Structures are given as C-alpha cells and as structure tokens.
Amino acid sequence: MRQLIGSGTRWEPIVGYSRAVRAGDMVFVSGTTATGPDGRIVGVGDAGAQTRQALENIRAALAKAGARLEDVVRTRIYVTDISRWDAIGRTHGEFFADIRPATSMVEVRALIDPDMLVEIEADAIISTG
C-alpha cells in the first residue's frame with residue numbers, strides 16, 4: 001500500500017513531491033515549514049513560532065496518514081541560524097518530550113523562502129498496540 005498525502009502548498013506540484021507518503025506502517029513526512037492555511041509563513045522572524053507551526057503541519061499530515069506524533073521515530077530539523085537552537089529545540093521538546101524520537105538539528109544556508117527559518121522532516125512507524 002502506498003498513500004500520498006498532499007498539503008496544497010504551491011511547491012508540491014512544481015517540485016513533484018508529497019507532504020507525506022505512507023508505505024505500509026511507515027510514514028515519511030517531507031521537509032515541513034511554517035506555512036499557514038492561507039499559504040503565508042506563520043511567525044516571520046520568530047524561530048519558536050515557526051517550529052510550532054511546522055510541527056502542527058506535521059501532526060496534520062500524520063493524521064491524514066493514520067498516524068500520530070507518538071508514532072514518530074525520527075525528526076530532522078534544518079535551521080537557517082543555529083544560534084536560535086534554544087527556541088527551536090524547546091518548542092520541539094514541547095511536542096516530543098515523552099516521545100523522544102531520534103533527531104538532528106543542522107544549520108543550512110537558506111530555505112526556499114527567505115522568511116522561513118525552520119524546516120522539519122519526520123519519520124513514523126504506526127504502532128498497532
């Protein structure tokens with residue numbers, strides 16, 4: 001079984017990707033940013049707010065795939081300014097304090113939109129119990 005989950009962002013058809021892909025009991029969520037329902041960036045200039053919105057977007061993609069945050073086993077966090085790691089990390093911790101997935105935080109030169117400060121990927125394995 002392969003299920004494609006879209007988010008409706010303008011980049012998906014241009015680049016040719018899905019917000020998430022479910023294959024069996026595994027869900028892979030693409031790099032997710034702080035794009036709000038209106039297509040605009042939420043929390044411009046605020047890395048913590050952008051992290052929160054990105055993780056809410058991941059939660060929504062997981063739900064569409066039949067998964068939950070509790071199923072996440074790995075996240076990858078890409079940031080444009082590693083000096084903001086504390087706000088980003090603490091917000092990630094609010095979502096994953098008890099789940100504690102494997103994670104990485106890496107500074108990158110830029111993201112697709114200059115207002116984006118954070119992009120997060122997630123991998124999940126849907127638990128049956």
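Predicted model, so just to flag it, every value in this text is computed and none were measured. Positions are given from 1, in the same order as the sequence printed here.
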Peer 1: For Arg90, does the CZ atom sit with more than 12 other heavy atoms under 6.0 Å from it, leaving out its own atoms?
Peer 2: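 No, CZ of Arg90 has 12 or fewer neighbouring heavy atoms, counting only those of other groups under 6.0 Å.
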Peer 1: Please tell me if the side chains of Leu117 and Arg84 come closer than 4.5 Å, counting only heavy atoms from C-beta onward.
Peer 2: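 A side-chain contact under 4.5 Å exists here.
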Peer 1: Please, which pairs that meet ring pair (Phe, Tyr, Trp, His ring centres under 6.0 Å) have at least one residue in residues 76-97, sequence neighbours excluded?
Peer 2: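 Found His92-Phe96.
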Peer 1: Heavy-atom distance under 4.5 Å between the side chains of Val106 and Val79, does that happen here?
Peer 2: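 Result no, sub-4.5 Å side-chain heavy-atom pair not found.
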Peer 1: Looking at side-chain heavy atoms only, is the closest gap between Thr75 and Pro101 below 4.5 Å?
Peer 2: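 Heavy-atom side-chain distance check passes, below 4.5 Å.
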Peer 1: Heavy atoms only: give me the nearest Ser30-Ser18 pair and the separation to one decimal.
Peer 2: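 It is OG-O, 2.7 Å.
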Peer 1: Write down the atom of Ala49, the atom of Gly43, and the distance for their closest heavy-atom approach.
Peer 2: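 Taking every non-hydrogen atom into account, CB-CA, 4.0 Å.
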Peer 1: Quick one: are Ile41 and Met116 in side-chain contact, heavy atoms under 4.5 Å?
Peer 2: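 Ile41 reaches Met116 side chain to side chain.
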Peer 1: Please name the pair of heavy atoms, one in Ile5 and one in Ala65, separated by the smallest distance, quoted to 0.1 Å.
Peer 2: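 So the minimum-distance heavy-atom pair works out to CD1-CB, 3.6 Å.
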Peer 1: What distance separates Glu121 CD from Thr32 OG1, expressed to the nearest 0.5 Å?
Peer 2: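 Atom-to-atom, Glu121:CD and Thr32:OG1 are 8.0 Å apart.
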Peer 1: One pair to check against salt bridge (Lys or Arg N to Asp or Glu O under 4.0 Å): Asp115 and Arg40. What are the steps and the verdict?
Peer 2: CA-CA 10 Å; Asp115 286 332; Arg40 295 181 185 191; over 6 Å; no
Peer 1: Do the side chains of Ser7 and Lys64 get nearer than 4.5 Å, heavy atoms only?
Peer 2: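 No - every pair of side-chain heavy atoms lies 4.5 Å or more apart.
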Peer 1: How about CG on Asp86, more than 12 heavy atoms from neighbouring residues, nucleotides or ligands closer than 6.0 Å, or not?
Peer 2: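 Above 12, so yes.
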Peer 1: Would you say Met105 and Val29 are hydrophobically clustered, going by side-chain heavy atoms of ILVMFWY under 4.5 Å?
Peer 2: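 Yes, Met105 and Val29 fall within the same hydrophobic cluster.
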Peer 1: Heavy atoms, side chains only, cut-off 4.5 Å: are Thr103 and Arg76 in contact?
Peer 2: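 Not in contact.
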Peer 1: Work out which heavy atom in Leu4 is nearest to a heavy atom in Arg2; give both atom names and the distance.
Peer 2: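 Smallest interatomic distance, heavy atoms only, reads CD2-NE, 3.9 Å.
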Peer 1: Which atom pair, heavy atoms only, marks the closest approach of Val27 to Ile126?
Peer 2: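 Shortest heavy-atom separation between Val27 and Ile126 comes out as CG2-CD1, 3.9 Å.
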Peer 1: First locate atom CD of Glu12, then atom CZ of Arg19, and finally report the distance between them rounded to the nearest 0.5 Å.
Peer 2: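 Answer for the CD-CZ pair, Glu12 versus Arg19, is 5.5 Å.
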Peer 1: Verify side-chain contact (heavy atoms from CB on, under 4.5 Å) between Asp71 and Ser127, making sure each step is shown before the conclusion.
Peer 2: CA-CA 6 Å; Asp71 297 319; Ser127 59; 3.1 Å; yes
Peer 1: Applying a strict under-4.5 Å side-chain criterion to I, L, V, M, F, W and Y, I'd like to know whether Ile99 and Phe28 cluster together.
Peer 2: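 As far as the 4.5 Å side-chain criterion goes, Phe28 and Ile99 are not connected within one cluster.
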Peer 1: Once rounded to the nearest 0.5 Å, what's the spacing between atom CD1 of Ile112 and atom OG1 of Thr35?
Peer 2: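 If we round to the nearest 0.5 Å, Ile112:CD1 and Thr35:OG1 are 9.5 Å apart.
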Peer 1: Same cluster or not: are Leu62 and Val21 linked, directly or through other Ile, Leu, Val, Met, Phe, Trp or Tyr residues, by side-chain heavy atoms under 4.5 angstrom apart?
Peer 2: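 No; Val21 is not reachable from Leu62 via cluster members.
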Peer 1: Let me confirm one number: the CZ-CZ distance from Arg68 to Arg59, rounded to the nearest 0.5 Å.
Peer 2: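 Output value for this atom pair is 11.0 Å.
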Peer 1: In a check of side chain to side chain contact (heavy atoms under 4.5 Å, CB included) between Val42 and each of Gln50, Arg52, Gln53, which one passes?
Peer 2: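 Result for side chain to side chain contact (heavy atoms under 4.5 Å, CB included) with Val42: Gln53.
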Peer 1: Quick check for you: to the nearest 0.5 Å, what is the distance between Ile88 atom CD1 and Ile77 atom CD1?
Peer 2: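 These two atoms lie 7.5 Å from each other.
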Peer 1: As an exercise, state the distance from OG1 of Thr33 to CD1 of Ile120, rounded to the nearest 0.5 Å.
Peer 2: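 Rounded to the nearest 0.5 Å, the OG1-CD1 separation comes to 9.5 Å.
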